[in-house]
Structures are given as structure tokens and as C-alpha cells.
Enquirer: 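Dropping the structure in here first, questions after.
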Amino acid sequence: MMRKIRCILLLLLMGGLLICPAFAAASFPDVNGYEEFAVAVEYVNKAGIMFGDNNGNFNPYKTVTRAEMATIVCRMLNVDRDLTASTRFTDVPTGHWANKYVGKAASLGIVNGYGGGKFGPSDDVTYEQAVTMVVRAFGGEPEAKELGNYPDGYLALADKYNLLEGVSAKKGEPLSRADIAIIIYNCMS
């Protein structure tokens, strides 16, 4: 029930964007329409959350950086417009391509740094870091803390609402673009 309410709220935040993802992905030559993640990839692309590269490929097995994940979460929440530069993290200078996204995600309480003013924008986002960002984005942090805090409480909450169904990564592993698409799709469907 809580998952459905959050998804409805997110759809409203996204301006009523409704996409029926009942078709196989055909937008990317490197995504076979029969792969388990094909519908999720098509969904995140059509929703404007994740895009392909300059060659038109989605790169489903490529890992995602922490800066990229902050950007994805901002797009998912539709808070990726009118962003301002941030000086919150010393390793994400104002000229960094993702500075505004990382700053926005931090101001919303979705991302944290490593301490000492560092964010690690080029580090691969791990399974538990990405799941934590998504859970925070949907307001699940209080419940996640009750379930055991970071990372186990966030993973338990995501599992409780079936957000991890079909995800191949495990705790401590970097997350692929396909797995992130699946998590987002699971949130929205």
C-alpha cells in the first residue's frame, strides 16, 4: 500500500507522466527486447530518467557512478530543472558536470558524502548506496531506520516493497544501468 501511494505521488510530481511499458525495448540496439530488463530500460528512457550514449546505446552492463546516480534520482523526482551550483563537496567542484545534481540530491537528504567534505562522484555506486538513495527519495528513511538503518534497513524496506525483484547485483557490488532501470521501474509499476 505504501509503495502504491509513493508511486502515485511520484507520478503527480512528474506532471502526470504516464507511460504504459507493456512493450519490449526497441530504442537501443544493445538491449534485446527479450531481456528481463528491456521493459524497464524502455520505461526509464521514455520517462526521461535515463538515456543512451552518443552512439544510441544504453550500455546496460556498464556500472553507474555516484554522480550519475544522483542525477538519475533528481530526474526520477523531476527536480532536475533550475538547479544551482553547490559547494557542499570539495571533490565535486562547481565546474563538475554533475555538481548541481549532487548538490540538489544532498539538499533533499538523498545522498551523503564519505565525510571530510568528500562525495566520491567517480566511484561506482554500490547496490546498497543506490537502494538507499531510492528509498530516501520516496520518503522511506524513517521506516528503513526502524528496520536496521544503513544499509540493512534500506535493503529490507526495498525488498519489502519488491523494489529489488529482478535485480542481479548483491550487497557490496557496483550497480549496472540495467539494475538501476529495474529498481526504478519496480518503484513506478
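All of these numbers come straight from a predicted model, not from anything done at the bench.
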Enquirer: Counting N and O atoms only, with roles assigned by atom type, does the side chain of Asp80 sit under 3.5 Å from a partner on the main chain of Arg75, one being a donor and the other an acceptor?
Expert: no

Enquirer: Is there a side-chain contact (heavy atoms from CB on, under 4.5 Å) between Ile182 and Asp179? Walk through the geometry before answering.
Expert: CA-CA 5 Å; Ile182 291 168; Asp179 280 337; 4.1 Å; yes

Enquirer: Is any side-chain heavy atom of Glu141 closer than 4.5 Å to a side-chain heavy atom of Val135?
Expert: no

Enquirer: Shortest non-hydrogen contact from Pro121 to Thr65?
Expert: O-CB, 3.2 Å

Enquirer: Listing request: all ring-ring contact (aromatic ring centres under 6.0 Å, His included) pairs with a residue in residues 46-72, at least two apart in sequence or in separate chains.
Expert: Phe28-Phe58, Phe37-Tyr61

Enquirer: Might you work through the side-chain contact (heavy atoms from CB on, under 4.5 Å) test for Ile180 and Met69, ending with a clear yes or no?
Expert: CA-CA 9 Å; Ile180 290 171; Met69 189 64 198; 3.6 Å; yes

Enquirer: If you compare all heavy atoms of Leu175 against all heavy atoms of Ala130, which two are closest, and at what distance to 0.1 Å?
Expert: CD2-CB, 3.4 Å

Enquirer: Where is the tightest heavy-atom contact between His96 and Ala67, given as atom of each residue plus distance?
Expert: CE1-CB, 4.1 Å

Enquirer: For residues Val79 and Leu83: do they belong to one hydrophobic cluster (side chain heavy atoms under 4.5 Å, members Ile, Leu, Val, Met, Phe, Trp, Tyr)?
Expert: no

Enquirer: Contact between Ile72 and Ile184 at the side-chain level, heavy atoms closer than 4.5 Å - yes or no?
Expert: yes

Enquirer: With side-chain contact (heavy atoms from CB on, under 4.5 Å) as the criterion, how do Ile49 and Met188 come out once you've worked through the C-alpha distance, each side chain's angles and the decisive distance to 0.1 Å?
Expert: CA-CA 12 Å; Ile49 298 169; Met188 307 301 287; 5.6 Å; no

Enquirer: Answer yes or no: does atom CD of Glu173 have more than 12 heavy-atom neighbours from other residues, nucleotides or ligands under 6.0 Å?
Expert: yes

Enquirer: Return the CG to NZ distance between Leu164 and Lys170, rounded to the nearest 0.5 Å.
Expert: 8.5 Å

Enquirer: Would you say Val92 ends up clustered with Tyr101 if hydrophobic residues are merged whenever their side chains have heavy atoms under 4.5 Å apart, either directly or through other cluster members?
Expert: no

Enquirer: State the CE-CD1 distance between Met76 and Ile183, to the nearest 0.5 angstrom.
Expert: 10.0 Å

Enquirer: For the CD atom of Glu143 and the CG atom of Leu157, what is their distance to the nearest 0.5 Å?
Expert: 4.5 Å

Enquirer: Cation-pi between Arg88 and Phe119: NZ/CZ under 6.0 Å from ring centre and within 45° of the ring axis?
Expert: no

Enquirer: Provide the closest heavy-atom pair for Gly172 versus Thr126 in the form atom of the first, atom of the second, distance.
Expert: O-CG2, 4.3 Å

Enquirer: Ignoring hydrogens and angles, tell me if any N or O in the side chain of Asp123 forms a donor-acceptor pair with the backbone of Arg66 under 3.5 Å.
Expert: no

Enquirer: Roughly how far, to the nearest 0.5 Å, is the CD1 atom of Ile110 from the CG atom of Leu77?
Expert: 5.0 Å

Enquirer: Measuring from atom NZ of Lys145 to atom OH of Tyr154, what distance do you get when rounded to the nearest 0.5 angstrom?
Expert: 5.5 Å

Enquirer: What heavy-atom pair brings Asp30 and Glu35 nearest, and what distance separates the two atoms?
Expert: O-OE2, 4.2 Å

Enquirer: Taking the side chain as every heavy atom from C-beta outward, state whether Pro29 and Asn57 have any atom pair closer than 4.5 Å.
Expert: yes

Enquirer: Where do Pro151 and Glu128 come nearest, in terms of heavy atoms and distance?
Expert: CB-CB, 3.6 Å

Enquirer: Please round to the nearest 0.5 Å and tell me the distance separating atom CG of Asp124 and atom CD of Gln129.
Expert: 9.5 Å

Enquirer: Using the rule given for side-chain contact (heavy atoms from CB on, under 4.5 Å), can you reason through Glu68 versus Trp97, listing the C-alpha separation, both sets of side-chain angles and the distance that settles it, and then say yes or no?
Expert: CA-CA 10 Å; Glu68 290 169 334; Trp97 72 267; 3.9 Å; yes

